[in-house]
Amino acid sequence: MRDAFAKHPDAKGMLLITPTDYGACAAIRETARVCHDHDVPLIVDEAWGAHFPFHPALPSWAMDAGAAICVTSVHKMGCGLEQGSVFHLRGERVDPQVLASRADRLGTTSPSALIFAGLDGWRRQMVQHGEELLGRALDLAASVRAELAAVPGIRVLERDDLVGPRLADDHDPLKIVLDLQELDRSGYDASEWLREHHRIDMGLSDHRRMAAQITIADDEETTGRLLTAIRDLVDRIDEIRPAKPVDLPEPGELELEQAILPRDAFFGPIEDVPPEEAIGRVAAETISPYPPGVPAVAPGEVITRAVVDYLLSGLDAGMYLPDPADPQLKTFRVVKR
Ligand SMILES: Cc1ncc(COP(=O)(O)O)c(C=O)c1O
């Protein structure tokens, strides 16, 4: 990270996404310290961490770890209505009036009283009963983890898999990630099967995993349904096709070269070209496998063979791409030469 600041001395701040959809948390405090050494603010996308402030056994939330701003979606791990996202501001590094004026440019002029009331209700409930409710959810998650780990073929990702040197800094135990590699099935197909046969929507799925998230709204009845469904899935595994291989790039291969500014690529002249011709061209669109919704390609970046192979093999395996002009990627939208 210090190298990134050395390379980009004019950086105005840093945006850190933590926790991930898999519940892995970055070292916010250390990151904030490096940002402050360079006198810039740290902004944290803490979409999945709405509950963190309200129980001591959960990872630290960004405001306690030195970030200037964090944005969180109360409708994710909290109990807000959809669109109930909020930002928090702390310290002197970001002027509240500047932040308010930026928010004003992006926000609606017709705020929803329902959403605001939902947010306030959640905040009040957490302040009054958060520790007790989240403590119960944590106990429930621990017992669900143990029961799922006993299901043959299912591997539950535990703290030791995610946290350690060169791994994550912390972990949210309410995110229960199931690895299906031993069953040779993809998370995409297994999640579809659970939806069809048990009316259960998993939180996240990828080429080999799927995740369940436990919240304060869960109890033995809801987790019992999950356990029954996962056991049934394993018993009826032959109903699901074997996992199709996905050409996963090395992490570095997903850091594409930024050739021009995103806005110039997005608003400039464009054309749609077949995948083979897209290699080496500058993307004019965002392509984000969802979930987790992190862009593999952003406007202005040079498209590589590794990323094309990843996305095409991913689509074949069941990956969902909500944002490109052609979600099946018969064509890629690129900047016109
Ligand atoms: C890391 C991250 N940030 C932001 C968002 C979007 O949040 P919102 O639903 O509040 O718009 C998501 C949605 O999944 C996310 O995973």
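Remember, predicted model here, so these are calculated numbers, not experimental data. Order of appearance sets the numbers: ligands from 1, and atoms from 1 within every ligand.
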Return the CE to CD1 distance between M14 and I43, rounded to the nearest 0.5 Å.
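These two atoms lie 10.5 Å from each other.
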
Any chance you could measure D172, atom CG, to H51, atom NE2, to the nearest 0.5 Å?
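Result: 3.5 Å between the selected atoms.
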
Please state which option from A47, S288, G49 has its nearest heavy atom closest to atom 2 (C) of ligand 1.
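Nearest option to atom 2 (C) of ligand 1, by heavy atoms: A47.
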
So D179 and D161, do their side chains get closer than 4.5 Å, heavy atoms only?
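Side chain of D161 against side chain of D179, heavy atoms only: no contact under 4.5 Å found.
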
Counting each atom of ligand 1 from 1 as listed, which ones have a heavy atom of [X] under 4.0 Å away?
X    : result
Y290 : 14 (O)
S85  : 8 (P), 10 (O)
I17  : 1 (C)

Can you tell me which residue pairs pass the ring-ring contact (aromatic ring centres under 6.0 Å, His included) test with a partner in residues 88-110, sequence neighbours excluded?
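ring-ring contact (aromatic ring centres under 6.0 Å, His included) check on residues 88-110 returns W61-H88.
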
When you look for heavy atoms under 4.0 Å from ligand 1, do you find them on the side chain of E82, its backbone, both, or neither?
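It is neither; nothing of E82 touches ligand 1.
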
Part of K76 within contact of ligand 1 (heavy atoms, under 4.0 Å)
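K76 to ligand 1: side-chain contact only, backbone stays beyond 4.0 Å.
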
Quick check on D45 - does any of its heavy atoms sit under 4.0 Å from an atom of ligand 1?
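Yes, that is the case, since the closest heavy atom of the residue is under 4.0 Å from the ligand.
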
Do D64 and R90 meet the salt-bridge criterion of a basic N to acidic O distance under 4.0 Å?
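Yes, charged N to carboxylate O under 4.0 Å.
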
Ionic contact status for D232 with R236, cut-off 4.0 Å
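Between D232 and R236 there is a salt bridge, with a charged N closer than 4.0 Å to a carboxylate O.
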
Can you tell me the protein heavy atom closest to atom 16 (O) of ligand 1 and the distance?
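Looking only at protein heavy atoms, the one closest to atom 16 (O) of ligand 1 is W48 NE1, 3.0 Å.
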
